Amino acid sequence: MGWSRVPELPEVETLRRQLEKEYLGKRIKSAQLKSRKYVKVAKPGKKKAVKTDASPKQMNDALAGGKVKAVSRRGKYLIFELDNGWWFVVHLGMSGHIVKATPKRPPDKHTHVVLQFTQGNDLRYFDARRFGECFVVQAEQGDEVLGHVGLDAINQPIPWQMLGELVAERNSKLKALLMDQEFISGLGNIYSDEVLYLAGLPWDRPSGSLTSNETRRLSRAVGEVMTEAIKHRGTTLEDGGWRDLYDEVGEHQEHLAVYGREGEPCRRCRTPIRKVRISNRSHYFCPQCQA
DNA sequence: ACGCCCGCCTGTAAGC
DNA sequence: TGCTTACAGGCGGGCG
């Protein structure tokens, strides 16, 4: 099995809760930019946000002296809201990783940002594959810059009747719809497969064809999968991708119904789980339960 | 409007 | 043993 660490909503929420516990009320002493062209400064643009490279000084000027007023989350975006009018926003992409850096911890390869606090341990952000994203934005512009992020799958659960209207309007294939961050934010490849399995629906059903019963099942499945995965502090696959703030693995991999279980029996009907390539990504499903 | 592909990026593992 | 290749996939952009 290849390399993968896939932070989706449950992993980001796990991190958010831990960050809140450790850093709420702490003041940033300095913000060090360790690699060029990683952190951006964001401003609202005409259609979408404009992001330009931040210099080490720009980043430090924005963050140093700010006290962490809140650690929030929108979909897969993590937001450090500071009391000096700035936000520090992080998207972990595929391989982004935030750890509480105890003095013992050896330097991590591909470290991009180190935050030092006036008390307590540092925060380190590293991202080997650079699919992630960090930017600073002024708080009053934050909503607009993150305007493309759709309703959060758990912070703003959509009543199923409303979901029914929305999916009927859109009429795209279910898997694509669940992964569309402008529609519902927070689901990626792993959890969209888990949601479809729990709802008993195939990946290519046109969303407009759902009955009200199926819409209800889909809506319930989103909530249930997210809640369970958060309870287990996220999914760490065999190759050991996802780690939390304390460098610990999650436990939800033990509870996955379909993802990564090709050839293994369906937990419900014993039919072997199948894997197919859909638009260049893996999709796992039970051919019996999701007919 | 929607589906689908590409490029970005690095570390694994399989294949020759 | 060492090289090449495929694969992992979030996301924005482009094209049909």
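Excluded from the calculations below are hydrogen atoms, water molecules and symmetry mates; all remaining heavy atoms, backbone and side chain alike, are included. Predicted model, so just to flag it, every value in this text is computed and none were measured.
When rounded to the nearest whole Å, the span between CE of M94(A) and C1' of dC11(C) equals 11 Å. In this structure, CD of E133(A) is placed 15 Å from P of dC9(B), rounded to the nearest angstrom. To the nearest angstrom, P of dT10(B) lies 9 Å from NE2 of H112(A). Rounded to whole angstrom, the span from the NE2 atom of H148(A) across to the P atom of dG12(C) amounts to 5 Å. The nearest whole Å value for the distance from the CG atom in D193(A) to the C1' atom in dA8(C) is 14 Å. K51(A) has its NZ atom 14 Å from the C1' atom of dG13(C), to the nearest Å. Counting to the nearest Å, the P atom of dG7(B) and the CZ atom of R129(A) are 16 Å from each other. In this structure, L146(A) places its CG atom 11 Å from P of dG12(C), rounding to the nearest Å.
Across all strands shown, K275(A) has heavy atoms under 4.0 Å from sugar-phosphate atoms exclusively, and none from any base. K109(A) comes within contact range of the sugar-phosphate backbone alone, with a heavy-atom separation under 4.0 Å but no base atom that close.
Taking every side-chain heavy atom of K76(A) into account, dC11(C) is the closest of dG3(B), dG12(C), dC11(C). When distances run from any side-chain atom of A176(A) to the nucleotides dG3(B), dC11(C), dC6(B), the shortest one goes to dG3(B). Nearest nucleotide to the R281(A) side chain, out of dT10(B), dG3(B), dC11(C): dC11(C). Listed candidates were dG13(C), dG10(C), dC6(B). Nearest to the side chain of N189(A) is dG10(C). Side-chain atoms of H110(A) lie closest to dT10(B) of the nucleotides dA8(C), dT10(B), dG12(C). Nearest to the side chain of R277(A), among dA8(C), dG3(B), dG12(C), sits dA8(C). Listed candidates were dA8(C), dG11(B), dC4(B). Nearest to the side chain of S279(A) is dC4(B). Distances were taken from every side-chain heavy atom of K173(A) (C-beta onward) to each of dG10(C), dC4(B), dC9(B); the shortest belongs to dC4(B). The side chain of A128(A) has dT10(B) as its nearest neighbour among dT10(B), dA8(C), dG3(B).
Within the 4.5 Å cutoff, the side chain of Q138(A) has no heavy atoms near those of the V41(A) side chain.
A centroid separation of 6.0 Å or more is found between the aromatic rings of F126(A) and H110(A). Between F88(A) and F135(A), a ring centre-to-centre spacing not shorter than 6.0 Å is recorded. Taking the six-membered ring for Trp and the full ring otherwise, Y197(A) and F285(A) have centroids separated by 6.0 Å or more.
Contact annotation: S282(A) side-chain N/O to dC7(C) OP1/OP2 distance is not under 4.0 Å. For K175(A) and dG3(B), the shortest distance from a side-chain N or O to OP1 or OP2 is not below 4.0 Å. Note on H91(A): a side-chain N or O is less than 4.0 Å away from OP1 or OP2 of dC11(C).
The shortest heavy-atom contact between W242(A) and T236(A) is O-OG1, 2.9 Å.
No salt bridge links K100(A) with D122(A); every basic N to acidic carboxylate O contact stays at or beyond 4.0 Å. Between R274(A) and E262(A), no side-chain nitrogen of the basic residue sits less than 4.0 Å from a carboxylate oxygen of the acidic one, so the salt-bridge criterion is not met.
Taking 3.5 Å as the limit, the base of dC9(B) and the side chain of R130(A) contain no donor-acceptor pair of atoms between them.
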*Verdict with reasoning, E251(A) to K231(A), per salt bridge (Lys or Arg N to Asp or Glu O under 4.0 Å)*: CA-CA 9 Å; E251(A) 287 164 10; K231(A) 196 187 293 176; over 6 Å; no
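The residue among N280(A) and S172(A) whose nearest nucleotide of DNA chain B lies closer to the 5′ end is S172(A).
Rounding to the nearest 0.5 Å places CG of L82(A) at 4.5 Å from CD1 of I28(A).
Within residues 177-187 of chain A, the residues that have a heavy atom under 4.0 Å from DNA chain C are, in order of number, M179(A), Q181(A).
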